[in-house]
Amino acid sequence: MINLPLRKIRSLVCLAETGSFHRAADRLGISQPAVSAHIRELEEQFGVPLVHRTTRHVALTPEGT
């Protein structure tokens, strides 16, 4: 069974909605590194990338949708 804390799922949803780690962090009231850590931990847990990252854009992968 996979244990998915709600705060990590909220980070992924907010990241998908805003398209930005910074804006997701602002909306959630947490730091940008915390959002990054949540996404990285989810990716490690699932064993697949959930987002495509570039220096200017973030988009969900098919696995992240």
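- Evaluation of the side-chain hydrogen bond (donor to acceptor under 3.5 Å, both in side chains) test over residues 53-65, restricted to residues two or more places apart or in two chains, returns Glu43-Arg53, Thr61-Glu63.
- The salt bridge (charged side-chain N to carboxylate O under 4.0 Å, His left out) analysis of residues 4-13, with sequence neighbours excluded, yields the pairs Lys8-Glu41.
- Atoms CG and CG, on Leu15 and Leu50 in that order, are 9.5 Å from each other to the nearest 0.5 Å.
- The shortest side-chain heavy-atom distance between Leu42 and Ile9 falls under the 4.5 Å cut-off.
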Which donor-acceptor pairs under 3.5 Å do the side chains of residues 29-39 make with protein atoms, sequence neighbours left out?
unit_1, atom_1, unit_2, atom_2, d
Ser31, OG, Ala34, N, 3.2
Gln32, NE2, Ser36, OG, 2.7
Ser36, OG, Gln32, O, 3.3
His38, ND1, Ser11, OG, 2.7

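- Among all heavy-atom pairs drawn from Ala16 and Leu60, the shortest one is CB-CD1, 3.5 Å.
- Within the structure, salt bridge (charged side-chain N to carboxylate O under 4.0 Å, His left out) pairs that include any residue of residues 20-36 comprise Glu17-Arg27 (at least two apart or interchain).
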